[in-house]
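So you know, we letter chains A, B, ... as the sequences are listed, proteins then strands, and number each from 1. Just so it is clear, the model here is predicted, and its values are computed rather than measured.
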Amino acid sequence: MTDPIFSVNITVMRWSHSLIPTLRENPKEAEVLSHRLLLRGGYIRPLASGIYNLLPLGWRVITRISRIIREEMDRIGGQEFYLSALSPKEIWVKTGRWEDYGELMFRLKDRKDREYALSPTHEEIVTQIAAKVIRSYRQLPQIWYQIQRKYRDELRPRGGMVRIREFLMKDSYSFDIDEEGLDRSFSLHREAYQRIFDRCKINYYLVEASGGVMGEGESEEFLAPSSSGEDFAVICNCGYQANLEVAQSASEPKEYHDEPVVKVHTPEKRTVEEVAGFLGVEKTRLVKTMIYIRNGRTIVLLIRGDRELNEEKLRRRFGLAIRPASGDEIKKLVGVEAGFVGPLGLEYEIYADLELRGARGMITGANERNYHIRGLNLERDVRVKEYLDLRRVGPGDHCIRCGQLLRIEPAMELGHIFKLGIKYSGPLGATVIDSNGKERPIVMGSYGIGLGRIMACLCEQTADDDGPNWPLQLAPYEVSIITINTNDRPQMETSEDVYNLCQKAGFATIWDERDEGPGVKFKDHDLAGIPIRIIIGPEGMKKERIDVKVKLLNRRLLLRKEDLISGLVELKKELSG
RNA sequence: CGGGGCGUAGCGCAGCGGAUAGCGCGCUUGGUUCGGGACCAAGAGGCCGGUGGUUCAAAUCCACUCGCCCCGACCA
């Protein structure tokens, strides 16, 4: 490095030659905070709906997240794979997911008209590998992982990086000989994930969850509190934490006087709201009757008027195939339009929500147009096959364990760990010979983390008015140097000195030597969220000190040049703690 | 898929009772500045998303279409 002003030394990370296309104004398509900030800071750029390119700054953040994930996966014995994204139809047909995934799956054909999927996940693929290469229980357990792109043709991509169609995911798969082994692999992953999210300095809840299309086994989710998330975490002080999809709350039964059944005229009153209003009773006095169909069988569900049905719970109990009956089907099955349906006299299987056990003096549809009935006594009048937990937890509900008031918080799903059992190994023939010489299917688990969501979530959780404040471990650069006046030779020389010092000491450093006003540079550095900022300007020059600012610690240091590195090392320690 | 909104310069927007397309920021050049999005001067930059129609004349009116964003998508 000769002339500090005119030298072009490519080993110096200069802002002027970095691609950090910041935006002064908010792009109008971005409403969600993280979306706005990531766009404005030059981390990401959209290519199509739900498809983003990661620019250098974004990729650097993702790289740092991956590094942590790799370290923690390796620590529990994980082995990293690189798997193909394109996969043939056949393996998906074998597990039934060619159907189950439906429109969510990207499909394509090759020139010979053979069908393929752009893999939305990789259970089938790793299981197929396991089927071919694993023979004996002696080779188990195994933990395989990958950090790669997954493809899902989402109903509606939204919120910037929140729900996208091509996304980066760390997925791992465990293979064990039995359930105990799976339990072990599962808790290893739980611990690894806790370490990962802790190291990312992200706030999260570990909650009970539902497997959805992945499988019906036990599963837990890592939800980060976030206003732009699509989930809700149900939280109790006692430690009960669950995704709203599966959360339960204490029943709060209402007692009404038992009375004989009488028909009442309720002209054009269909909804709970209307009926309760018309009859001048609380909504809790009504019983909603819902007709569902599962593989051609009719199922009747009863739930109290003020409650809502939780369909996720239905699917868990009755399988993915259950669906609500259409308006026409209801008319055909019950003989009356929805709105006047009631359980009385229905010859179908009837299930009722737990809260309705023993309910008396209730009001429900009369199965006759414009009529409801009063005085319904569930035990006396209806043959309920089983009382089940069917309702969705709502505001004001109390903990099923301890009775305290539950909190319901919007949250974003960052990670999900599942026990799959033999759902995939069975159909794909992934078996091993056990110690008794018997062939048995491998017991599997699967564990995902969305890297883009970690970035988005962290961006939101740490952001102030000016931009994100990445934790040191994940920031695109650890140190940035701003030269206030680039036409001032001493400032430039000092800056270059300082840059070299930082670089030699191993700090990921970027030097902003653009001939711009100071405000522009400060704003851009705010958007880049670099934790340690060194400012070389007239103030510091006069005092012969290096000005170091750390927003995260709310601290400003004025260091002698010879003390700079030890000072930075100190800060780094503090920021990493 | 239903509903709503939006496509005009790189970004944010105006123009939409038809005629020559405009503003701010950014960009280029020169100069002055330099501790929180500076100032002066001179410039460059547009198939007004696409197609078709109405008209002497269309960014503007009509039809279709494509793209993007938001809300919803069974809760009786």
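For the P atom pair drawn from B:C61 and B:G7, the interatomic distance equals 12 Å after rounding to whole Å. With P as the reference atom, B:A58 and B:G18 are 13 Å apart, rounded to whole Å. B:G46 and B:G22 are spaced 13 Å apart, taking the P atom of each and rounding to whole Å. Taking atom C1' in both B:C47 and B:G30, the straight-line distance is 34 Å, to the nearest Å. Spacing of C1' atoms, B:G72 relative to B:G12, comes out at 29 Å, to the nearest Å. Here the separation of B:A14 from B:A57, taken at their P atoms, is 30 Å to the nearest Å. B:C40 and B:U33 have their P atoms separated by 15 Å, given to the nearest Å.
Applying the Watson-Crick and G-U wobble criteria (two distances, each under 3.5 Å), B:G35 pairs with nothing in any strand. Nucleotide B:G30 is matched to B:C40 when pairs are restricted to Watson-Crick or G-U wobble geometry with both distances under 3.5 angstrom. Under the Watson-Crick and G-U wobble criteria, each requiring two contacts below 3.5 Å, nucleotide B:C25 is paired to B:G10. With a cut-off of 3.5 Å on both Watson-Crick or G-U wobble distances, the partner of B:C56 is given as none. Using N1 to N3 plus N6-O4 or O6-N4 for Watson-Crick, or N1-O2 and O6-N3 for G-U wobble, each under 3.5 Å, B:U51 pairs with B:A63. Across all strands shown, B:G18 has no partner, as no Watson-Crick or G-U wobble contact with both distances under 3.5 Å is found. A 3.5 Å limit on both hydrogen-bonding distances identifies B:C1 as the Watson-Crick or G-U partner of B:G72.
Note on A:Arg533: a base of the nucleic acid sits closer than 4.0 angstrom, heavy atoms only. Residue A:Pro21 is out of contact with every strand shown, counting any heavy-atom pair closer than 4.0 Å. Looking at heavy-atom distances under 4.0 Å, A:Gly537 makes contact with a base. Residue A:Glu337 is out of contact with every strand shown, counting any heavy-atom pair closer than 4.0 Å. If you check every strand for non-hydrogen atoms under 4.0 Å, A:Tyr292 touches a base. Base contact: A:Thr289 has a heavy atom under 4.0 Å from a base atom. Across all strands shown, A:Gly159 has heavy atoms under 4.0 Å from sugar-phosphate atoms exclusively, and none from any base. At the heavy-atom level, A:Arg323 lies nowhere under 4.0 Å from the strands shown. A:Gly365 comes within 4.0 angstrom of nothing in the nucleic acid, heavy atoms only. At the heavy-atom level, A:Ala325 lies under 4.0 Å from base atoms of the strands shown. Heavy atoms of A:Glu31 sit under 4.0 angstrom from primed sugar atoms or phosphate atoms, though from no base atom. Residue A:Arg156 is classed as a base contact, given a heavy-atom separation below 4.0 Å to a base. No contact: A:Val341 has no heavy atom under 4.0 Å from any strand. Within the 4.0 angstrom heavy-atom criterion, no nucleotide atom of any strand lies near A:Arg514.
Remark: A:Arg152 fails to qualify as a cation-pi partner of A:Phe167 under the 6.0 Å distance and 45° angle criteria applied to the six-membered ring.
Remark: the A:Arg40 side chain and the B:G37 base include a donor-acceptor N/O pair separated by less than 3.5 Å. Donor-acceptor pairing under 3.5 Å, judged by distance alone, is absent between the side chain of A:Asn26 and the base of B:G12. Below the 3.5 angstrom threshold, one finds no donor paired with an acceptor across the side chain of A:Glu29 and the base of B:G67.
For A:His525 and A:Tyr477, the gap between ring centers reaches or exceeds 6.0 Å. Side-chain rings of A:Tyr292 and A:Phe318 stay apart, their centers remaining 6.0 Å or farther from each other.
The pair A:Glu539-A:Arg556 meets the salt-bridge criterion, since a charged nitrogen lies less than 4.0 angstrom from a carboxylate oxygen.
Formation of a donor-acceptor pair under 3.5 Å by the A:Asn310 side chain with backbone atoms of A:Leu244 is found in this model.
For the pair A:Glu25 CD and B:C27 C1', the interatomic distance rounds to 15 Å; values are reported in whole Å. We find that CG of A:Leu155 is positioned 8 Å from C1' of B:A73, with the value rounded to whole Å. In this structure, A:Asn487 atom CG and B:G35 atom P are separated by 13 Å, rounded to whole Å. When the C1' atom of B:C75 is taken as reference, atom CD1 of A:Ile330 falls 11 Å away, rounded to whole Å. Distance A:Asp515 CG to B:G31 C1': 12 Å, rounded to the nearest Å.
Mapped onto RNA chain B by nearest heavy atom, A:Glu539 and A:Val272 fall at different nucleotides, with A:Glu539 at the one closer to the 5' end. Nearest-nucleotide positions on RNA chain B for A:Asp526 and A:Leu309 put A:Asp526 closer to the 5' end.
For the OP1/OP2 pair of B:C11 and a distance below 4.0 Å, the side-chain nitrogens and oxygens of A:Arg24 include no atom meeting the criterion. At the phosphate of B:A76, OP1 or OP2 sits under 4.0 Å from a side-chain N or O atom of A:Lys288. Side-chain nitrogen and oxygen atoms of A:Ser49 include none within less than 4.0 Å of the OP1 or OP2 phosphate oxygen of B:G67.
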Quick one: do A:Trp470 and A:Tyr43 satisfy ring pair (Phe, Tyr, Trp, His ring centres under 6.0 Å)? Show the steps, please.
CA-CA 13 Å; A:Trp470 306 108; A:Tyr43 297 83; 5.6 Å; yes
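Residues A:Gln461 and A:Pro225 form a side-chain contact, since some pair of their non-hydrogen atoms from C-beta on lies under 4.5 Å apart.
Using cut-offs of 30° and 60° for the angle between ring planes, the A:His35 and A:Tyr52 rings count as perpendicular.
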